[in-house]
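Below: one structure, written as structure tokens.
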Amino acid sequence: MQKAKAFEALRRCVSQRGSSLSHHRAFSAQPNYAQYDDVEDLVTVEGRAKSRAAILNRPSALNALNNAMAARLKRLYESWEDNPDIGFVLMKGSGRAFCSGADAVSLYQLVNEGNVEECKNFFETLYKFVYIQGTYLKPHVAILDGITMGAGAGIALPGMFRVVTDKTVFVNPETQMGFHPDAGASFYLSRLPGYLGEYLALTGDKLNGVEMIACRLATHFTLNARLAVFEERLGKLATDEPSVIETSLAQYGDLVYLNKRSILSKLEVVDRCFSHDTIEEIIDALEKEAADSYDEWCTTALKKLKEASPLSLIVSLRSIREGRFQSLDQCLAREYRISLNAISRRVSSDFFEGVRARLVDKDFAPKWDPPSLKEVSKDMVDCYFSPLSEFEPELELPTASREPFMR
């Protein structure tokens, strides 16, 4: 039965490679209000002496990204990069979130309405903007105050300076929703100490601002209560020199001390459990660790893994592992393939089931397909990583025109 199912998945994957995704018509926790919002209100701009600030402005949706927002960010950053009067760029969010990721409910609704083309355009625009961030020629400061989730981290972490606060909450929850860590996540997570990236990607565990500093996801820390003074100081800078900006950030930053209960104090056991080649081996290692140590952390990690989509766990682990040996543009190109396969339902509808269970119906009882790790075949996983068809162009990034000029 398992072989028959695997064969059928492969058959569908191959047979549909030649068909466009356009006959279908959904990543964060909020509905899509794009049709009611003015795009300039969704991402507002503050002009300063020698800088510009882009402000994500969907506080009621935790600043979840939609197509219009991604496109506006891309246009703004391209124009600012070409403007000699602008020395550096800043990004922040309004309300209690920096950015809760992509608008998953919106994507879910679009596909169910038969418009997968708009979803595809969203991922293309988003990933191109992430690449612009990673190759930006001017200093960039991202203020990650509040919730920083999934693609919300992706649009900020490739930049030069990443400021966090005591309100920052960083998380990659994608496997719990039948998706995969994207928007450059396989690049930055794979470069964390040891196998911390695998742990965060697979369990969806959170990091706070201090922990982000400790593992170098962030560069500077300030208290939320001091942000107004912090931003005022930045706004008065008239420079394009990274060293001047660095000095200002350091001057108004705060010292941090890692809590002894932090996951970063458990890196030895994280490496012992999450360095294995398969999800099954990782689970076995965690179960052994739990039996030997009676550590509640092991039990929690196991619970998270068993709640996640089995297919997403395997796809995400492979993606992070491949990311260890790839550049940002290569990671984005691979993630684009995985994302388009996820929304196409060629192999599985886990993304839609995850969004339904966690964000739409909120019954928190997803019915994953396949329902167990042993029923996920190699062919199913390979399908997510396979080249797109000739009718579906791969993600094209301007590597030749941008990377030679990187500092």
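Once rounded to the nearest 0.5 Å, the distance linking CD of Glu198 with CG of Leu189 reads 8.5 Å. Atom CD1 of residue Ile314 and atom CG of residue Leu202 lie 10.5 Å apart, to the nearest 0.5 angstrom. Atom CG of Leu90 is separated from atom CZ of Arg48 by 5.5 Å, given to the nearest 0.5 angstrom. Cys383 SG to Ile338 CD1: the interatomic distance, rounded to the nearest 0.5 Å, is 11.5 Å. Residue Asp103 holds its CG atom at 9.5 Å from CG of Leu359, rounded to the nearest 0.5 Å. Summarising the geometry, atom CG belonging to Leu249 is positioned 5.0 Å from atom CG belonging to Leu234; distances are rounded to the nearest 0.5 Å.
Residues Thr165 and Phe230 are not in side-chain contact: their nearest non-hydrogen atoms beyond the backbone lie 4.5 Å or more apart. Here the side chains of Glu375 and Pro310 are not in contact, with every heavy-atom distance at 4.5 Å or above. Side-chain contact check for Ser265 versus Lys260: every heavy-atom pair is 4.5 Å or farther apart. Leu73 is listed as a side-chain neighbour of Leu56, based on a closest heavy-atom distance under 4.5 Å. Within the 4.5 Å cutoff, no side-chain heavy atoms of Glu211 are placed close to those of Asn259. Under the 4.5 Å side-chain criterion, counting only non-hydrogen atoms from C-beta, Tyr188 is not in contact with Cys331. Residues Pro242 and Glu246 have side chains not in contact (no heavy-atom distance under 4.5 Å, counting atoms from C-beta outward). Residues Asp205 and Lys304 form no side-chain contact, since every pair of their non-hydrogen atoms from C-beta on lies 4.5 Å or further apart.
Side chain of Ser316 to main chain of Leu313: no donor-acceptor pair is present (N/O by atom type, distance under 3.5 Å, no hydrogens or angles). Formation of a donor-acceptor pair under 3.5 Å by the Lys138 side chain with backbone atoms of Ile86 is found in this model. No donor-acceptor pair under 3.5 Å is formed between the side chain of Arg358 and the backbone N or O of Arg356. Under a 3.5 Å cut-off, the side chain of Gln133 and the backbone N or O of Gly159 do not form any donor-acceptor pair. The backbone N or O of Asp271 sits less than 3.5 Å from a side-chain atom of Ser275, completing a donor-acceptor pair. Looking at Glu335, its side chain does come within 3.5 Å of a backbone N or O of Gly184 through a donor-acceptor pair. The closest donor-acceptor contact from the side chain of Thr168 to the backbone of Leu144 lies under 3.5 Å. At least one donor-acceptor pair closer than 3.5 Å links the side chain of Gln330 to the backbone N or O of Ser327. Checking side-chain atoms of Asn63 against main-chain N and O of Phe98 turns up a donor-acceptor pair under 3.5 Å. Using a distance-only test at 3.5 Å, with no hydrogens or angles considered, no donor-acceptor pair links the side chain of Ser51 to the main chain of Gly87.
Under the side-chain hydrogen bond (donor to acceptor under 3.5 Å, both in side chains) test applied with Ser186, the options Arg334, Arg191, Arg324 reduce to a single match, Arg334.
Atom OH of Tyr294 sits in a sparse spot, with 12 or fewer heavy atoms from other residues, nucleotides or ligands closer than 6.0 Å. Applying the 6.0 Å contact sphere to CD of Glu268 captures no more than 12 heavy atoms from other residues, nucleotides or ligands. Heavy atoms from other residues, nucleotides or ligands lying under 6.0 Å from CD of Glu280 number more than 12.
Side-chain contact annotation: Asp379 with Ser377, donor-acceptor N/O pair under 3.5 Å absent. A donor atom on one side chain and an acceptor atom on the other are not found under 3.5 Å apart for Tyr384 and His180. Glu392 and Ser389 form no side-chain donor-acceptor contact under 3.5 Å, judged by distance and modelled atom types alone. A donor-acceptor contact closer than 3.5 angstrom links the side chains of Asp350 and Ser348.
Aromatic ring pairs are classed by plane angle as parallel below 30°, tilted from 30° to 60° and perpendicular above 60°; the pair Tyr77 and His140 is tilted.
Nearest approach of Asp277 to Leu317, heavy atoms of both residues: O-CD2, 3.6 Å. Taking each heavy atom of Leu137 and Glu81 in turn, the nearest pair found is N-OE2, 2.9 Å. Pro139 and Asp240 get closest at one heavy-atom pair: CG-O, 3.5 Å. When all heavy atoms are compared, the tightest approach of Val315 to Val381 is CG2-CG1, 4.3 Å. Closest of all the heavy-atom pairs between Ala214 and Leu264 is CB-CD1, 3.3 Å. When all heavy atoms of Glu281 and His276 are compared, the pair lying nearest together is CB-CB, 3.6 Å.
The pair Asp41-Arg72 does not count as a salt bridge, with every side-chain nitrogen at least 4.0 angstrom from each carboxylate oxygen. Taking 4.0 Å as the cut-off between side-chain N and carboxylate O, Arg75 and Glu78 do not count as a salt-bridged pair. Using a 4.0 Å cut-off between charged nitrogen and carboxylate oxygen, Glu394 and Arg337 count as a salt-bridge pair. With respect to the salt-bridge test (charged N to carboxylate O, under 4.0 angstrom), the residues Glu287 and Lys306 qualify. Here Asp145 does not pair with Lys167 in a salt bridge; the nearest charged N to carboxylate O distance is not below 4.0 Å.
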**Study point:** Trace of the side-chain contact (heavy atoms from CB on, under 4.5 Å) decision for Leu397 with Tyr127
**Key:** CA-CA 9 Å; Leu397 299 170; Tyr127 295 0; 5.6 Å; no
Could you walk me through whether Glu113 and Glu118 pass the side-chain contact (heavy atoms from CB on, under 4.5 Å) test, one step at a time?
CA-CA 11 Å; Glu113 292 165 9; Glu118 189 171 341; over 6 Å; no
side-chain contact (heavy atoms from CB on, under 4.5 Å) for Glu174 and Asp182? Distances and angles first, verdict last.
CA-CA 8 Å; Glu174 290 88 350; Asp182 70 324; 4.1 Å; yes
>> Asp166 vs Arg226, test: salt bridge (charged side-chain N to carboxylate O under 4.0 Å, His left out). Steps then yes/no.
In response: CA-CA 10 Å; Asp166 51 317; Arg226 289 163 53 92; over 6 Å; no
Please report the C-alpha distance between Lys362 and Phe364 in whole Å, then the side-chain angles of each, then the deciding distance to 0.1 Å, and finally whether the side-chain contact (heavy atoms from CB on, under 4.5 Å) criterion is met.
CA-CA 5 Å; Lys362 298 182 181 179; Phe364 297 93; 4.0 Å; yes
